[in-house]
Amino acid sequence: MLLALAGTAAAQVNIPGTRVSFRLNSDDWRYLRTFKLDDGADVYLYYYVGRTLVDMEGDTVLPCLRIYVNEGYDGDVYELAYDRYLLQPFQSVDEYTHGPGLPKSGGIGYVGAYTNPVSQKDYQFLMTYFKDRGTAVEFRLETTKDTFEEMEFEFRDILGTLK
């Protein structure tokens with residue numbers, strides 16, 4: 001189970017089933033919950049409460065960090081990215097295979113965007129896919145498209161701590 005940060009800034013968080021950890025860069029992030037998907041994967045959710053973000057429509061926005069963990073995944077990171085894409089299609093704004101957010105074991109990263117089919121609200125995110133010890137991980141930092149620029153530094157800072 002991931003640490004449920006208890007008010008400690010810059011706490012290291014270990015991703016279950018892997019040797020990978022990351023650091024939340026401030027007390028502004030809160031653990032929300034963990035849930036299990038039908039495919040056996042676990043999802044860990046954190047949300048950002050550092051300051052109130054309001055989008056162009058006047059809605060309050062809670063940027064989030066979602067970590068999808070699937071132990072025993074037998075495909076490679078490209079298959080993982082495709083499998084996850086089929087569940088929630090997105091537009092790739094940028095794709096990379098080296099750099100912040102990708103552990104030494106390698107992986108693939110995206111800056112992406114999508115429109116929520118229910119609310120019709122546009123979202124943008126930074127996301128990486130990687131495997132460690134046979135465990136597949138999707139690490140995704142997301143907010144609405146019109147608040148993304150405001151959160152991008154925060155997101156990139158967290159991605160840069162993945163190791």
Side-chain angles (χ1 to χ4, degrees), residues 1-5 11-25 29-48 61-119 121-145 147-149 151-163:
M1 172 157 285
L2 291 178
L3 295 175
L5 299 182
Q12 280 297 120
V13 181
N14 296 316
I15 299 176
T18 73
R19 296 168 293 189
V20 178
S21 65
F22 65 96
R23 181 181 46 79
L24 290 171
N25 50 3
W29 287 93
R30 299 286 187 270
Y31 170 77
L32 179 61
R33 71 179 275 216
T34 300
F35 60 93
K36 188 170 278 303
L37 299 178
D38 290 340
D39 66 1
D42 294 316
V43 177
Y44 303 91
L45 295 175
Y46 290 81
Y47 63 98
Y48 179 80
V61 177
L62 286 175
C64 70
L65 163 59
R66 179 178 71 205
I67 306 166
Y68 165 89
V69 178
N70 190 343
E71 292 187 45
Y73 185 83
D74 60 357
D76 64 26
V77 292
Y78 294 98
E79 290 169 311
L80 172 64
Y82 184 70
D83 289 347
R84 299 292 296 151
Y85 171 82
L86 291 176
L87 293 174
Q88 184 183 31
F90 63 90
Q91 174 188 3
S92 176
V93 176
D94 189 22
E95 179 181 321
Y96 56 95
T97 57
H98 296 89
L102 296 175
K104 293 177 185 174
S105 61
I108 187 169
Y110 293 97
V111 176
Y114 72 96
T115 300
N116 181 303
V118 175
S119 69
K121 193 172 289 279
D122 294 325
Y123 289 86
Q124 194 161 345
F125 55 84
L126 295 174
M127 175 172 56
T128 61
Y129 295 102
F130 56 88
K131 284 186 72 175
D132 184 74
R133 292 185 178 175
T135 298
V137 178
E138 174 190 293
F139 194 89
R140 181 175 179 147
L141 292 145
E142 177 176 311
T143 191
T144 58
K145 187 173 182 178
T147 61
F148 183 80
E149 187 175 314
M151 290 300 298
E152 187 173 11
F153 178 80
E154 180 97 11
F155 288 174
R156 290 190 184 278
D157 189 43
I158 292 169
L159 275 178
T161 70
L162 269 170
K163 59 180 179 173

Does Tyr68 form a side chain to side chain donor-acceptor pair (under 3.5 Å) with Asp39? I'd like the steps, not just the answer.
CA-CA 11 Å; Tyr68 165 89; Asp39 66 1; 3.0 Å; yes
Is there a side-chain contact between Ile158 and Leu141 in this structure, where contact means two heavy atoms from C-beta onward sitting under 4.5 Å apart?
yes
Any donor-acceptor N/O pair, Thr135 side chain to Gly17 backbone, under 3.5 Å:
yes
Taking all atoms of both residues into account, what is the closest heavy-atom pair of Leu86 and Pro89, and its distance?
O-CD, 4.2 Å
Rounding to 0.5 Å, atoms CG (Leu126) and CZ (Phe139) come to a distance of 10.5 Å
Any salt bridge between Glu71 and Arg133, counting N to O under 4.0 Å?
no
When rounded to the nearest 0.5 angstrom, what distance separates OG1 in Thr128 from OH in Tyr110?
11.0 Å
Taking every non-hydrogen atom, the tightest pair across Ala136 and Tyr73:
CB-CB, 3.5 Å
If I compare all heavy atoms of Ala41 with all of Asn70, which pair ends up nearest, and what's the gap?
CB-CB, 3.9 Å
Any Phe22 side-chain heavy atom under 4.5 Å of Ile67 side chain:
yes
Spacing of Gln88 atom CD and Met127 atom CE [to the nearest 0.5 Å]:
8.0 Å
When rounded to the nearest 0.5 angstrom, what is the spacing between CG in Leu62 and OG1 in Thr144?
10.5 Å
Provide the closest heavy-atom pair for Thr161 versus Arg23 in the form atom of the first, atom of the second, distance.
OG1-N, 2.8 Å
Between Phe155 and Trp29, what is the ring plane arrangement, given parallel below 30°, perpendicular above 60°, and tilted in between?
tilted
Atom pair CG/NZ of Asp74 and Lys131 - distance to nearest 0.5 Å:
6.5 Å
Taking the six-membered ring for Trp, are Tyr114 and Phe125 parallel (under 30°), tilted (30 to 60°) or perpendicular (over 60°)?
tilted
Phe35 versus Leu45: any side-chain heavy-atom pair under 4.5 Å?
yes
For a side chain to side chain contact (heavy atoms under 4.5 Å, CB included) check, start with the C-alpha distance between Tyr46 and Val13, then their side-chain angles and the critical distance, and finish with the verdict.
CA-CA 12 Å; Tyr46 290 81; Val13 181; 3.8 Å; yes
Considering all heavy atoms, the nearest Tyr129-Leu102 contact
O-CD2, 4.2 Å
With rounding to the nearest 0.5 Å, note down the distance linking CD in Glu142 to CZ in Phe90.
11.0 Å
Steps toward side chain to side chain contact (heavy atoms under 4.5 Å, CB included) verdict (Asp132, Val137)
CA-CA 8 Å; Asp132 184 74; Val137 178; over 6 Å; no
With a cut-off of 6.0 Å (strictly less than), are more than 12 heavy atoms of other residues, nucleotides or ligands near NZ of Lys145?
no
Note, Gln12 side chain near Lys163 side chain (heavy atom, < 4.5 Å)
yes
Quick one about Tyr96 and Asp94 (side-chain donor to acceptor, distance below 3.5 Å, no hydrogens or angles considered), yes or no?
no
Measure across Gly101 and Leu162 and return the closest heavy-atom pair with its distance rounded to 0.1 Å.
O-CD1, 3.2 Å
Could you check if a side-chain atom of Val69 sits within less than 4.5 angstrom of a side-chain atom of Ile15, using non-hydrogen atoms only?
yes
